[in-house]
Amino acid sequence: MTLQQEIVGTAMQMAVVNLHPGQTVYCEAGKFLFKTANVTMETRLSGPSNSGGQQSGPGGGMGGLLRQAMGTAMQVGQRMLAGESLAFQYFTAQGGEGTVGFAGVLPGEMRALELDGTRAWFAEKDAFVAAESTVDFGIAFAGGRTGMSGGEGFVLEKFTGHGTVIIAGAGNFIDLNPADFGGRIEVDTGCVVAFEEGIQYGVQRVGGLNRQGIMNAVFGGEGLSLATLEGNGRVILQSLTIEGLANALKKAQGGDKQGPTGGLFSTHAG
């Protein structure tokens with residue numbers, strides 16, 4: 001059953017989801033906005049593939065319950081290491097159609113991705129907003145050397161299964177395929193929102209250990225690394241990085257002891 005959803009708004013978009021009777025959608029804690037009265041809300045530690053409220057199968061009993069508890073603990077542990085929310089909220093329409101609203105946490109766009117079971121999608125940490133219960137949410141690690149160099153790239157959200165998953169980012173989105181640009185693109189690590197399975201993600205140093213490389217790293221605003229995306233598949237980038245937004249807010253709050261308008265209106269005392 002296809003998830004009926006509409007993404008509305010401009011600078012700070014939201015997703016309005018219409019649920020059929022008995023249909024369930026889940027979101028990361030903190031992404032819920034509103035719902036109609038006939039939509040139930042339940043908070044669980046387990047993801048949709050490890051539903052804590054379901055009975056064990058033929059191999060059930062205490063052993064099944066223990067395996068289920070261990071599976072949930074592993075999921076929670078992975079999300080804790082990744083800095084993700086520990087819980088999911090599940091919304092189910094009862095007795096008729098229902099409506100639920102979701103949004104990201106930063107001003108920017110949202111996108112609905114359709115999974116057909118053949119390709120997974122990977123997204124930056126915190127991009128996930130909501131998905132059908134037929135979509136599995138997981139954590140993927142990009143690898144030790146890549147992760148330590150790439151910052152945002154170390155921990156990725158992974159979506160598999162069938163159905164709709166809704167993601168959010170900062171600023172505006174652009175869709176690219178590295179195959180249209182010689183098979184490889186290089187971007188600021190904070191600009192990567194999501195990419196299809198089959199795209200090779202990596203991190204490379206900005207320039208060499210020479211004068212120009214040091215100038216790029218120190219004064220270019222890109223740090224020491226760029227993300228590399230190679231292959232043939234869909235890539236979604238965002239125009240605003242969280243680091244850039246944080247720096248702008250810090251400056252606006254008077255990081256130099258001057259307020260947004262300076263002098264007389266300084267936000268710092270003394």
message = Could you report the tightest heavy-atom contact between Val39 and Gly98, atom names first, then the distance?
response = CG2-CA, 3.7 Å
query = With side chains defined as the heavy atoms from C-beta onward, is the minimum distance between Leu176 and Leu229 less than 4.5 Å?
reply = no
ask   = Checking Glu109 side chain against Phe173 main chain: does a donor-acceptor pair fall under 3.5 Å?
value = yes
key: Hphob cluster co-occupancy, Val16 + Ile167, side-chain heavy atoms under 4.5 angstrom   = no
request  = Indicate, with yes or no, if Val25 and Leu33 share a hydrophobic cluster defined by side-chain heavy-atom contacts under 4.5 Å among Ile, Leu, Val, Met, Phe, Trp and Tyr.
outcome  = no
inquiry  = Quick check: closest heavy atoms across Val203 and Thr228, and the distance to 0.1 Å?
reply    = N-OG1, 3.9 Å
ask   = Would you say Thr134's side chain and His162's backbone share a donor-acceptor pair under 3.5 angstrom?
value = yes
ask   = Is the count of non-hydrogen atoms from other residues, nucleotides or ligands lying under 6.0 Å from Lys35 atom NZ greater than 12?
value = yes
ask   = What orientation do Phe91 and Phe32 show, parallel under 30°, tilted 30 to 60°, or perpendicular over 60°?
value = parallel
ask   = Can you say whether the rings of Phe137 and Phe88 are parallel (under 30°), tilted (30 to 60°) or perpendicular (over 60°)?
value = perpendicular
What donor-acceptor contacts under 3.5 angstrom involve side-chain atoms of residues 4-12, with partners at least two apart or in another chain?
none

ask   = Would a distance-only check, ignoring hydrogens and angles, find a side-chain to backbone donor-acceptor pair under 3.5 Å from Glu157 to Asp126?
value = yes
query = Can you check whether Glu197 reaches Trp121 side chain to side chain, under 4.5 Å on heavy atoms?
reply = no
ask   = Looking at Cys191 and Thr241, what are the two nearest heavy atoms and their distance?
value = SG-CG2, 3.7 Å
Tyr26 ring center near Phe128 ring center (under 6.0 Å) = yes
request  = Please report the C-alpha distance between Val17 and Thr164 in whole Å, then the side-chain angles of each, then the deciding distance to 0.1 Å, and finally whether the side-chain contact (heavy atoms from CB on, under 4.5 Å) criterion is met.
outcome  = CA-CA 11 Å; Val17 177; Thr164 306; over 6 Å; no
Gap separating the CD atom of Glu132 from the CD atom of Glu114, nearest 0.5 angstrom = 7.0 Å
ask   = Closest heavy-atom contact between Ala93 and Gly96?
value = CB-O, 3.4 Å
ask   = Do side-chain atoms of Asn177 reach the backbone of Gly233 as a donor and acceptor pair under 3.5 angstrom?
value = yes
remark   = Sequence neighbours excluded, the answer for side-chain hydrogen bond (donor to acceptor under 3.5 Å, both in side chains) partners of Thr92 is Thr24
key: Linked, directly or transitively: Ile199 and Val187 (ILVMFWY side chains, under 4.5 Å)   = yes
ask   = Would Thr36 and Glu97 count as a side-chain contact (heavy atoms from CB on, under 4.5 Å) if you check the C-alpha gap in whole Å, the side-chain angles of each, and the deciding distance to 0.1 Å?
value = CA-CA 9 Å; Thr36 52; Glu97 294 187 350; over 6 Å; no
remark   = In short, Gly104 meets Ala168 closest at the heavy-atom pair CA-CB, 3.9 Å
inquiry  = Between Val192 and Phe122, is there a side-chain heavy-atom distance shorter than 4.5 Å?
reply    = no
request  = Output yes when a side-chain donor or acceptor of Gln238 lies under 3.5 Å from a complementary backbone atom of Gly171, and no otherwise.
outcome  = no
inquiry  = Using the rule that Ile, Leu, Val, Met, Phe, Trp and Tyr join whenever any side-chain heavy atoms are under 4.5 Å apart, tell me whether Ile242 and Met110 fall into a single cluster.
reply    = no
message = If the condition is side-chain hydrogen bond (donor to acceptor under 3.5 Å, both in side chains), which residues does Thr99 pass it with, not counting sequence neighbours?
response = Asn18
query = Between Gln89 and Lys31, is there a donor-acceptor pair closer than 3.5 Å when you use the side chain of the first and the backbone of the second?
reply = no
request  = Starting at OG1 of Thr189, measure out to CD of Gln204 and round the result to the nearest 0.5 Å.
outcome  = 12.0 Å
Minimum heavy-atom distance between Ala131 and Val135, given as atom pair plus value = CB-CB, 4.0 Å
Min side-chain heavy-atom separation Phe159-Leu113 under 4.5 Å = no
ask   = Is it true that Ile185 and Ile174 fall in one hydrophobic cluster, defined by side-chain heavy atoms closer than 4.5 Å?
value = yes
